[in-house]
Structures are given as C-alpha cells and as structure tokens.
Amino acid sequence: MNLDNHSLAQLAIPTPTYDRGALEIGIVHFGVGGFHRAHQAMYLDQLLDRGLADGWGICGVGVLPGDRKMADVMAAQEGLYTLLLENPDGTRDARVVGSIVDYRYAPDDPEGVIELLAAPSTRIISLTITEGGYHVDNLPEVNVFGLVTEALARRRDRGVRSPTIMSCDNIEGNGHVAQEAFVAYADSAHPGLSQWMRDHTRFPNAMVDRITPVTTPDVIETISGEFGVDDRWPVIAEPFTAWVLEDKFSDGRPTLEEVGVLLVDDVTPYELMKLRLLNAGHQALCYFAYLAGYRLVHDAAGDELFAEFLLQYMDSEATPTLKPVPGIDLPDYKRTLIERFANPGVRDTIARLCYGSSDRIPQWLVPVIRANLDSGAPVRLSAAVVASWARYAEGVDEQGEPIDVQDNRADALVPLAKAQRENPTSFIENTDLFGDLAEHPRFVAAYTETLDSLYRNGARATLEMLVGRDGQR
C-alpha cells in the first residue's frame with residue numbers, strides 16, 4: 001500500500017495519532033537523511049503522539065543536488081516514512097513517522113525558504129550537514145549559511161526574535177563549530193549581523209547517538225513484504241538511541257525531556273564519550289576489517305580478534321582522555337557498544353564507516369592521540385588505526401582488488417598513500433589533517449610499526465600483534 005495521509009488508517013503498523021494537517025512548523029531542518037529521520041524527527045514524533053509538541057512540526061530543507069530525490073519522495077509521501085528498528089534477537093519493529101510536515105528544495109525557491117526561516121513561528125533551525133559541512137569557503141550559490149544569515153538579518157530588521165541554531169552533527173563542540181561558521185559567514189555577507197547573533201542567537205551543543213545505515217533495496221522490500229507498506233525511502237536503525245542536549249535556546253523548545261532526551265548544562269563529557277568511543281571505535285574497526293575481507297560491520301565486530309582490539313583501544317587509549325560522565329557506567333557503555341556493532345539485523349556496511357574519513361579521523365581520533373601524547377599515555381593502538389586508514393587509502397586491498405576510496409580529499413590522499421611505500425610518513429605529513437603529528441617520534445614509531453606489519457603480514461596478523469596474541473605488546 002502506498003504511503004500517504006489517506007493510507008494511514010489502513011496500515012497494520014503504528015502510525016501518527018495526531019492531526020498532521022493542523023501542525024505549525026516550529027523547526028526547519030537542513031539535511032534530511034537517514035540519521036535525522038531515525039533520531040530528531042523520531043523524538044518529535046513521539047512528543048506529538050503524546051500531545052506534547054503543538055507548534056513543533058518539522059519542515060525539511062535540501063540544498064544539494066542529491067537532495068532533489070528526497071524532495072520528490074517527501075512530496076509523494078506527504079512527509080511520511082517508515083522507521084524500521086532491527087533488534088539484536090532478529091525481531092523487527094516498524095512505525096510510520098509523521099513529524100516532517102513539509103519539505104523544500106531550496107534551489108527551486110530560495111526566497112520562500114528564507115521567508116520560512118525568517119517567520120516568527122520558526123523557533124529552531126537544526127542541522128545534519130555532515131562533519132565537513134561547516135566550511136564556509138567555496139560554497140554553492142544556494143547554501144545553508146547564506147539562507148540562514150539572510151533570514152536572521154530580516155528577523156533583526158523586523159524585530160523578530162532569533163531562532164536557536166542546533167547542530168546534530170558528530171563534531172566535538174558542534175554548537176561552537178556551528179556558531180563560528182555562521183558568524184564568519186555573517187561577517188562577510190551582512191556587516192553588523194554577527195554582533196546581533198552573538199547577543200541573541202543560541203547554538204546549543206549536542207551529543208546524538210543512533211547507528212543508522214544507508215537504506216538499501218532489501219530494506220524497502222522488507223517494509224513492503226513484511227509490513228505491507230510501499231515506502232520509497234524508509235529508514236533502518238538499531239533500537240538504541242540517545243540524545244544529550246545543552247539546555248540553551250533562544251526562543252523556547254519542545255519538552256524533549258518527556259521522551260528521554262537528557263537536557264544538561266554541559267554536554268562535553270557525553271560528547272567526548274560518544275565521539276572517542278563509538279565514532280572513533282567505528283574507525284578503529286573499519287579499515288582493518290575491509291583489508292581483512294569483511295564488508296559488513298556485524299561480521300567484523302562479531303570476530304573476537306576485532307572485538308578485542310576495539311576494547312583495548314577504548315580501555316587503554318580513549319577512556320583516559322574522557323571527563324567523568326554523570327550517570328553513565330562507562331564499562332557497560334563500552335561493552336554495549338561492541339554488542340551494538342555486532343547486531344546482525346542492522347547490516348551496516350564497512351564502506352559506510354570508511355566514507356569521508358578525512359572529515360572523521362581528525363575530529364574523532366586525532367584528539368585522542370594528541371591528549372595521550374601530551375600526558376605520556378599510550379598511542380600505539382590509535383596510531384595503528386591511522387596506519388590502517390593510510391593502507392586502505394592506497395585504493396587496493398590485500399587481494400589486489402581495487403578499493404573505491406570515497407572521500408572529498410581522495411585526489412590528494414590516494415597519491416600520498418601510494419607514496420608511503422617509499423616514504424613511510426608521506427600520508428601523515430599532510431598537516432591539514434594531522435598537524436605536526438609526523439614530528440612526534442612516539443607516534444611515528446607506532447604508526448610505522450603498524451604500516452610495516454600491514455605490508456608484510458596483512459591486517460589480521462597485524463591485529464594479533466597489536467592485541468598481544470603473538471606475545472608482543
């Protein structure tokens with residue numbers, strides 16, 4: 001059955017109980033992909049279903065060429081989509097989510113999007129624009145920063161309160177990063193606006209957590225065959241979800257605490273925990289796994305050798321760099337992480353974890369290395385992760401098969417990786433990514449040890465060396 005407002009009453013799975021047609025848009029979200037729909041939109045849907053979020057409907061906005069497909073699907077399905085949760089025991093739960101009540105493709109009508117952003121009813125502008133999306137250089141004509149700052153300028157001139165700008169991207173201090181990017185753009189595009197923003201616009205930091213793989217054709221078939229819903233772009237996710245949010249808003253907020261969101265004064269401890277354990281843990285897994293022949297995350301995480309390496313990295317190198325995390329049992333969190341990675345129902349791909357590494361490693365892993373270099377703590381395993389990325393970035397696996405290195409810096413990184421056969425430190429001499437790490441003897445020694453072992457012995461034997469199974473430490 002096609003998914004739209006008219007079909008909701010006939011579906012056999014839970015659907016919105018609220019009147020979607022009566023919802024006012026209170027949140028405009030840039031970057032409507034799988035993660036936003038499995039996370040933020042899901043939380044708002046829960047609030048709406050409980051009658052606790054009047055005035056907080058979501059309008060999605062796309063600015064990139066690839067967002068046109070989402071615009072078409074959202075129009076055909078009236079903003080509805082199915083969220084499929086894959087439980088570790090093999091069972092599935094599905095629900096239709098209805099919190100996205102409108103979608104705009106900004107290049108078709110930038111003026112309309114600006115006026116939506118400038119409307120007093122829009123009280124939050126949220127973002128999932130990827131880790132690399134906060135650079136304000138070389139932007140397309142229609143872009144997030146231009147749309148938002150023009151709207152803020154109009155709000156200032158009209159005497160309308162500023163909205164909150166809320167980043168949901170996996171970046172340390174994501175609110176601070178967003179503030180710096182928007183203020184920098186405002187300085188060049190709207191002289192004087194940046195001071196108004198500093199006085200009136202809030203940029204809360206947030207930690208967001210839910211593993212959400214790319215939607216594949218078999219997910220669409222599962223939704224149709226098992227639940228009777230013909231959904232052109234459903235979302236699949238693990239059952240675990242978390243959101244820790246700094247309680248700092250310009251013009252009110254939904255009562256997100258009613259659906260399990262943790263509102264705090266300082267997100268930093270939770271943010272570091274997630275970025276340096278889960279996100280960096282994904283990087284610790286993916287390159288070794290790909291080189292060893294794995295293509296699905298749960299297969300690699302279910303391998304005792306890979307799980308042992310992950311846990312040693314988290315215990316010996318990541319955890320010492322963390323701050324105390326109120327209310328969190330860290331040993332249990334780490335154990336649960338490996339169980340989440342090994343969930344066979346999610347069918348997350350190694351390739352997804354390897355995607356865009358040049359935006360991820362510097363944000364998630366390099367800070368761990370720097371903290372441990374400064375304190376004298378071990379860096380052997382985190383240096384090994386960087387080496388595994390460098391070996392992967394050569395673009396050829398251990399069987400001589402090509403690797404499709406998907407990275408916006410691939411044109412520069414692949415030649416550097418290939419050059420390391422002659423110059424072992426060529427890859428880490430890229431100061432844009434690694435700063436001065438190539439000048440730290442302790443890091444370089446650990447890095448080159450792993451790189452040499454990857455060439456001589458392969459990924460699996462290298463991991464055995466790193467975890468001490470061959471008698472070394």
Side-chain angles (χ1 to χ4, degrees), residues 3-9 11 14-63 67 70-83 95-106 109 112-128 144 147-148 151 155 160-168 204 206 208 231 233-235 241 243 245 249-261:
L3 182 58
D4 55 34
N5 284 327
H6 297 295
S7 68
L8 289 178
L11 298 178
T15 61
T17 60
Y18 46 91
D19 182 0
R20 300 181 70 238
L23 288 181
E24 185 176 33
I25 293 168
I27 300 172
V28 176
H29 182 83
F30 286 90
V32 176
F35 184 76
H36 166 70
R37 295 186 295 150
H39 195 265
Q40 181 186 352
M42 177 275 300
Y43 281 105
L44 265 297
D45 179 71
Q46 289 185 0
L47 269 182
L48 288 163
D49 223 41
R50 295 172 61 179
L52 298 175
D54 290 345
W56 292 108
I58 300 171
C59 177
V61 176
V63 297
D67 294 329
M70 182 62 75
D72 293 340
V73 172
M74 289 280 108
Q77 298 183 178
E78 299 181 284
L80 297 166
Y81 62 92
T82 312
L83 175 59
R95 172 182 170 83
V96 174
V97 175
S99 53
I100 300 176
V101 295
D102 193 9
Y103 187 95
R104 312 283 183 90
Y105 183 60
D109 183 16
V113 171
I114 292 168
E115 279 302 309
L116 173 65
L117 295 166
S121 55
T122 297
R123 298 161 69 187
I124 294 175
I125 298 170
S126 55
L127 315 160
T128 44
V144 174
L147 294 167
V148 172
R155 294 176 81 121
V160 176
R161 293 185 69 169
S162 175
T164 300
I165 298 180
M166 183 174 72
S167 170
C168 298
V208 292
D231 187 336
W233 204 333
V235 184
T241 182
W243 192 2
L245 184 57
F249 289 78
S250 311
D251 190 16
R253 61 168 175 81
T255 55
L256 292 165
E257 63 272 24
E258 297 290 342
V259 287
V261 179

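Taking all atoms of both residues into account, the shortest heavy-atom contact from W243 to A206 is NE1-CB, 3.8 Å. The two residues P16 and V96 have their closest heavy-atom pair at CD-O, 3.4 Å. The minimum heavy-atom distance linking S250 with S162 is given by the pair CB-O, 3.2 Å. D67 and G62 get closest at one heavy-atom pair: OD2-CA, 3.3 Å. In this structure, G33 and M70 approach most closely via the heavy-atom pair CA-CE, 4.4 Å. Pairing each heavy atom of M74 with each of L80, the nearest pair is CE-O, 4.4 Å.
No side-chain donor-acceptor contact under 3.5 Å links T164 to the backbone of I124. Side-chain atoms of D45 come within 3.5 Å of backbone N or O of G98 as a donor-acceptor pair. A donor-acceptor contact shorter than 3.5 Å is absent between the side chain of Y43 and the backbone of V261. Side-chain atoms of R155 come within 3.5 Å of backbone N or O of R161 as a donor-acceptor pair. In this structure, S99 contributes its side chain and A41 its backbone to a donor-acceptor pair below 3.5 Å. R104 places no side-chain N or O within donor-acceptor distance of the main-chain N or O of L116, the cut-off being under 3.5 Å.
Of the listed residues (D231, T82, N5), just one forms a side chain to side chain donor-acceptor pair (under 3.5 Å) with Q77, and that residue is D231.
For the atom pair CG (L256) and CG (L245), the distance works out to 6.5 Å, reported to the nearest 0.5 Å. The distance from the CE atom of M42 to the OG1 atom of T241 is 4.0 Å, given to the nearest 0.5 Å. Taking OG of S121 as the reference point, atom CG of D251 lies at 10.0 Å (rounded to 0.5 Å). To the nearest 0.5 angstrom, D102 atom CG is 11.5 Å from E78 atom CD. Interatomic distance, OG1 of T255 versus CZ of R50, reported as 8.0 Å (0.5 Å rounding).
In this structure, a donor-acceptor pair under 3.5 Å is absent between the side chains of D72 and Y105.
Side-chain contact check for D49 versus R95: some heavy-atom pair is nearer than 4.5 Å. Counting heavy atoms from C-beta on, the side chains of F30 and L117 come closer than 4.5 Å. No side-chain heavy atom of T128 sits under 4.5 Å from any side-chain heavy atom of H39. Inter-residue side-chain proximity for L3 and L11 is flagged as met; some heavy-atom pair is nearer than 4.5 Å. At least one side-chain heavy atom of H36 sits less than 4.5 Å from a side-chain heavy atom of I100. Under the 4.5 Å side-chain criterion, counting only non-hydrogen atoms from C-beta, I27 is in contact with Q40. Counting heavy atoms from C-beta on, the side chains of F249 and M166 come closer than 4.5 Å. The closest side-chain heavy-atom distance from R37 to V97 is not below 4.5 Å.
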**Asked** Could you walk me through whether W56 and L47 pass the side-chain contact (heavy atoms from CB on, under 4.5 Å) check?
**Response** CA-CA 9 Å; W56 292 108; L47 269 182; over 6 Å; no

